[in-house]
Amino acid sequence: MSSIAHDGDPMDRATQPVVGLAPEVLELASELYAKCGAAQFGLTCDDLARILGEVAQKYLAAAGAAQVRELCVSLKIEELVLARACAAGNERAWETFMARYREKLYEMGLQITREDSAGRELSDSLYADLYGTVSRDGERVSKLSSYTGRGSLEGWLRTVMAQEHVNRYRRQKRTVSLDEETEEGAQFAAPDPDPTPAMDPRLVSATDEALAALPADERFMLVAYYLDGRTLADIARMLSVHESTISRKLDKLAKYLRKQVLAGLSRRGLSRRQAEEALQVDVRDLSLNLRDRLTQDSPANAFPKKKVEAPAGDGSD
Amino acid sequence: MEQLPNIVRERLKSAPSADHPDPDLLTAFAEQALPDQERSRVLLHLSRCADCRNVLALAVPPVETASGPLDTARTVWFRWPILRWGAVAACVVIVGSAVLMKREAMVTRSLTPVAIHSDAQSGRFVDQRTNKSSSSPLSLLDSEQASTSPAMEPSRELAADERTKDLKAAPGLQERAATKPPSNKKMAELGGNLAGGRGVGGLGVGAAVDADKFPRAFAYVPRPAPPAKEQAKNSLPQRTNPATLAGADVPQKSETVAVQAEANSPELDTAAAESPEKREAPGKAKPSSTTAMFDAMKTPALAGAADGQPENSAKEVATRARAERVSQRSLLSRWTISSDGQLQHSVDSGQTWQAVVVAEKATFRAL
């Protein structure tokens with residue numbers, strides 16, 4: 001079974017048979033076939049129907065005909081056809097793909113890595129994955145075959161490249177050079193002999209209750225700003241809203257959460273004052289070094305006879 | 001920004017779920033192409049998974065290439081560039097309107113008519129509005145127009161000086177002039193100045209005569225003096241007629257003469273500038289329609305100077321004649337052709353007309 005389709009040759013792929021597809025998918029494929037330009041890349045109407053069936057099966061496993069039709073209509077059909085034709089090895093499709101996205105891939109790599117050499121390396125590795133250097137069961141596997149057309153092909157390429165960059169970073173972050181760390185002045189923290197005191201379960205439950213009531217976008221804003229340390233502009237870009245909207249919402253959210261946690265603590269039997277103290281004070285900050293407290297009045301030995309070596313940490317947080 | 005309680009930060013660090021969204025979903029999320037339900041699911045995962053948030057942050061295109069819609073609550077009309085240029089346009093309109101209004105006010109003010117009353121007995125002119133009297137109407141006009149056309153003063157003086165220089169050189173005019181008239185060329189120049197309204201407070205003159213033929217072609221023949229009872233109705237003061245009208249009786253009453261002063265019309269200057277052939281050229285005379293007016297307006301004192309007195313007094317006469325001309329130049333001169341083809345000239349805005357004998361070969365040019 002040939003997996004490479006030349007110009008004018010129909011694709012010959014081991015996909016699900018056309019007869020197993022939903023009738024609305026077949027009908028939609030016949031409607032969209034003329035508009036999507038699949039014929040120039042060697043795709044038949046059946047091929048298009050098969051592709052649409054795959055996408056519907058992936059996202060709407062047990063959905064009605066209306067939902068399937070709505071999903072298929074929202075797809076980027078032209079780009080989906082181009083990507084699938086490239087995955088099948090159609091030369092004309094590759095020429096079109098290279099003409100449109102070759103320079104853009106290098107630009108994306110530069111924007112993501114913020115370094116020219118790293119950006120080119122990232123783009124070239126993605127090219128190899130897109131072309132399909134890996135073969136499975138004698139068949140070339142192209143990353144473009146996983147494109148489903150939910151978003152634009154350019155956005156999909158950018159996301160794939162970003163994902164690859166994050167994966168590389170995580171792999172490299174686990175392995176650090178001890179010599180480099182020492183030269184940079186990093187000190188390996190000694191293990192804390194005292195265990196972290198447990199937090200008040202009432203406080204934990206009141207906080208979880210308040211956070212669970214938040215909508216997804218508000219929780220996203222909180223974690224992006226307070227945990228990830230992202231700027232208001234970055235968060236606004238990710239959510240496609242204005243920066244001032246993010247600023248306003250975050251301010252309201254912080255006040256709202258405080259109020260909700262205090263109300264939850266009050267419902268759990270704490271007084272107003274106790275609730276405020278519990279909220280303001282971090283239990284970890286309250287941990288005291290009793291040894292230091294007890295030996296405070298005794299003069300310390302200038303040259304202690306016994307030497308204690310602190311065990312080195314693993315250098316990870 | 002309000003600080004978040006530490007416990008809240010801690011509890012936000014929840015364990016992420018295993019089902020990470022594929023690149024298609026993340027792309028569709030970034031491009032706002034997901035339905036609401038699916039978008040909420042992706043958002044919920046993103047709020048718990050730091051890795052997916054990092055991927056999304058890198059996958060979202062920069063601001064200059066982002067095509068997603070921003071908050072639509074803000075209208076695009078209130079962008080700073082639009083407001084800035086709108087303010088500039090408004091300022092230009094306001095300033096332009098103010099300039100145009102001021103210009104109209106200045107033009108209107110300069111066209112205000114004045115009424116000058118002449119007393120034939122005393123030989124003085126009186127402004128009816130201000131009750132000021134003067135030996136010449138021009139000085140009364142000058143006092144009215146001093147504030148509106150100060151720029152004309154130097155040019156009037158220059159024109160007067162030019163005339164003074166050439167008062168001795170116009171033989172053709174000496175026969176009837178009360179003083180030594182200027183040369184033909186200079187008279188043409190002066191007439192041209194008057195015709196063009198330059199330097200004389202903006203008097204308009206209606207016609208020009210070829211200066212080469214000036215002494216022969218242009219002979220000012222005043223009308224004979226009207227009967228006595230008609231003189232009372234005649235609004236032209238006899239004082240304006242020179243001693244050549246010796247037979248005329250001077251009206252006993254003082255008569256009001258309406259003298260209209262016009263602002264120095266830029267069109268006249270422009271017309272003179274745009275037509276080089278009409279400009280002053282050596283050897284060619286300028287329109288001299290007011291020459292006869294000067295001749296006709298000689299005072300008796302000036303007329304006496306033309307009778308052949310000694311040269312010393314001739315200078316005095318010339319000075320007086322100059323002053324007289326300056327005083328009389330503010331009167332409007334009119335030209336017309338009668339029904340029988342006779343060229344007529346008026347020095348009192350058309351109230352009285354005097355016939356003008358014109359040679360056969362004379363040419364006229366309209367200004």
Side-chain angles (χ1 to χ4, degrees), chain A residues 59 70 74 111-112 146-152 155-156 158-163 165-166 169-170 199 203-204 207-208 210-211 215-217 219-220 222-228 230 233-234 236-238 240-242 244-245 247 250-255 257-258 261 278-280 282 284-285, chain B residues 1-14 16 20-74:
Chain A
Y59 294 106
E70 187 182 346
S74 69
Q111 286 170 2
I112 289 171
S146 62
Y147 175 66
T148 57
R150 296 299 301 272
S152 65
W156 181 83
R158 190 190 301 271
T159 305
V160 169
M161 194 178 291
Q163 206 167 46
H165 178 67
V166 170
Y169 178 78
R170 267 189 286 165
M199 288 182 283
L203 182 59
V204 172
T207 306
D208 291 343
L211 289 175
D217 57 343
R219 188 186 172 101
F220 176 87
L222 285 173
V223 295
Y225 186 78
Y226 290 105
L227 297 187
D228 298 343
R230 300 202 183 277
D234 289 339
R237 208 171 69 245
M238 290 161 73
S240 301
V241 294
H242 201 271
S244 59
T245 306
S247 173
L250 281 173
D251 207 25
K252 283 184 182 178
L253 273 173
K255 293 175 185 173
L257 277 174
R258 182 183 174 81
V261 170
L279 196 60
Q280 286 177 3
D282 189 347
R284 291 168 297 178
D285 296 335
Chain B
M1 191 74 68
E2 180 81 10
Q3 288 298 323
L4 207 63
N6 290 332
I7 184 63
V8 175
R9 288 177 190 246
E10 287 296 323
R11 300 311 294 174
L12 278 173
K13 296 175 186 176
S14 56
H20 301 279
D22 57 10
D24 282 287
L25 280 180
L26 284 177
T27 306
F29 175 85
E31 296 174 356
Q32 293 190 303
L34 289 179
D36 293 339
Q37 194 176 1
E38 215 163 355
R39 180 181 165 83
S40 299
R41 278 205 299 271
V42 172
L43 254 180
L44 191 62
H45 175 84
L46 288 171
S47 66
R48 298 176 188 276
C49 179
D51 288 340
C52 290
R53 286 198 300 272
N54 292 332
V55 172
L56 178 65
L58 291 172
V60 172
V63 178
E64 56 272 10
T65 59
S67 59
L70 294 179
D71 192 357
T72 55
R74 297 183 65 177

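Chain letters run A, B, ... following the sequence lines, proteins first, then strands; residues in each count from 1. Quick caveat, the model's predicted, so the values are computed rather than measured.
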Heavy-atom pair with the smallest gap, counting every atom of A:R158 and B:V60: CD-C, 4.3 Å
Within-4.5 Å side-chain heavy-atom neighbours: B:N54 and A:Y169: no
Electrostatic pair B:D51:A:R170 at N-O distance under 4.0 angstrom: yes
Best-contacting candidate, A:D234, A:V166, A:L253, A:V261, against chain B by heavy atom pairs under 4.5 angstrom: A:V166
Check: B:R11 and A:V204 side chains under 4.5 Å, non-hydrogen atoms: yes
Least distance between heavy atoms, B:A59 atom then A:A162 atom: N-CB, 4.0 Å
Main-chain N/O of B:P23 paired with A:Q163 side-chain donor or acceptor, under 3.5 Å: no
Spatial distance of atom CG (A:L257) from atom CD1 (B:I7) [nearest 0.5 Å]: 12.0 Å
Exam field: side chain A:R237 to backbone B:P61, donor-acceptor pair closer than 3.5 Å: yes
Contacting region of B:R41 [heavy-atom separation from chain A under 4.5 Å]: neither
Straight-line distance of A:D217 CG to B:S47 OG, nearest 0.5 Å: 9.5 Å
Atom pair CG/CZ of B:L25 and A:R150 - distance to nearest 0.5 Å: 5.5 Å
A:S152, part contacting chain B, at a heavy-atom distance under 4.5 Å: both
Atom pair CG/CZ of B:L46 and A:R219 - distance to nearest 0.5 Å: 12.0 Å
Shortest non-hydrogen contact from B:D24 toward A:S146: OD2-O, 3.1 Å
Engaged part of A:L227 at the chain B interface, taking heavy atoms whose separation is under 4.5 Å: side chain
Under 4.5 Å from any heavy atom of chain B - which part of A:T148: both
pair A:Y59-B:D22: side-chain heavy atoms closer than 4.5 Å: yes
A:D228 portion near chain B, given a 4.5 angstrom heavy-atom threshold: side chain
Verdict with supporting geometry, B:V8 and A:Y226, side-chain contact (heavy atoms from CB on, under 4.5 Å): CA-CA 10 Å; B:V8 175; A:Y226 290 105; over 6 Å; no
From CG (B:L26) to OG1 (A:T159), nearest 0.5 Å: 6.0 Å
Best-contacting candidate, A:R258, A:K255, A:R230, A:M161, against chain B by heavy atom pairs under 4.5 angstrom: A:R230
Contact leader toward chain B among A:I112, A:V160, A:D208, A:L222, where contacts are heavy-atom pairs under 4.5 Å: A:D208
Shortest non-hydrogen contact between A:A216 and B:L43, atoms and distance: CB-CB, 3.7 Å
